[in-house]
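Everything below concerns the one structure shown next.
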Amino acid sequence: MSIVWIIVIGFVAGILARLLAPGPNKPSGFILTTLLGIAGAFMATWIGQTIGWYRIDQGAGFIGATVGAVLVLFIWNRLVAARRIPDPSTERRWL
């Protein structure tokens with residue numbers, strides 16, 4: 001059940017990050033949005049444990065996951081702007 005909870009929180013944090021973060025390039029789709037939120041939660045947990053906000057056995061909460069997802073989305077946008085990774089919104093999709 002905890003894996004399902006992580007996916008749900010990651011998805012909601014990813015949606016909020018996409019709404020809060022400026023920029024034309026936003027990863028779309030359920031899977032990318034969920035991965036964005038989960039990556040944000042991991043980043044917020046790692047930074048929080050490094051700084052000393054969280055103990056080793058604690059993880060970031062919902063707000064921390066959202067802030068981390070905004071940070072991941074900012075990095076994503078910078079990498080696309082620098083053309084380090086391709087822009088998925090301009091690629092042709094075959095149906």
To check you understand the geometry: which heavy-atom pair defines the closest contact between Arg55 and Gln49, and what is its length?
O-NE2, 3.2 Å
Trp53 reachable from Leu71 in the ILVMFWY side-chain graph, under 4.5 Å edges:
yes
Could you give the distance from CD1 (Ile51) to CH2 (Trp46), rounded to the nearest 0.5 Å?
9.0 Å
Applying side chain to side chain contact (heavy atoms under 4.5 Å, CB included) to Ala65 and not counting sequence neighbours gives Ala13, Ala41
Cluster check Ile47, Ile75: I/L/V/M/F/W/Y, side chain < 4.5 angstrom:
yes
When Ile15, Leu19, Leu16, Val12 are each screened for side-chain contact (heavy atoms from CB on, under 4.5 Å) with Thr66, the one that passes is Leu16
Using the side chain to side chain contact (heavy atoms under 4.5 Å, CB included) criterion, which residues pair with Ile9? Sequence neighbours excluded.
Trp5, Phe62
Residues that Phe42 engages under side chain to side chain contact (heavy atoms under 4.5 Å, CB included), provided they are two or more places apart
Ile38
Looking at every non-hydrogen atom in both residues, tell me the closest pair between Leu73 and Leu36 and how far apart they are.
N-CD1, 3.8 Å
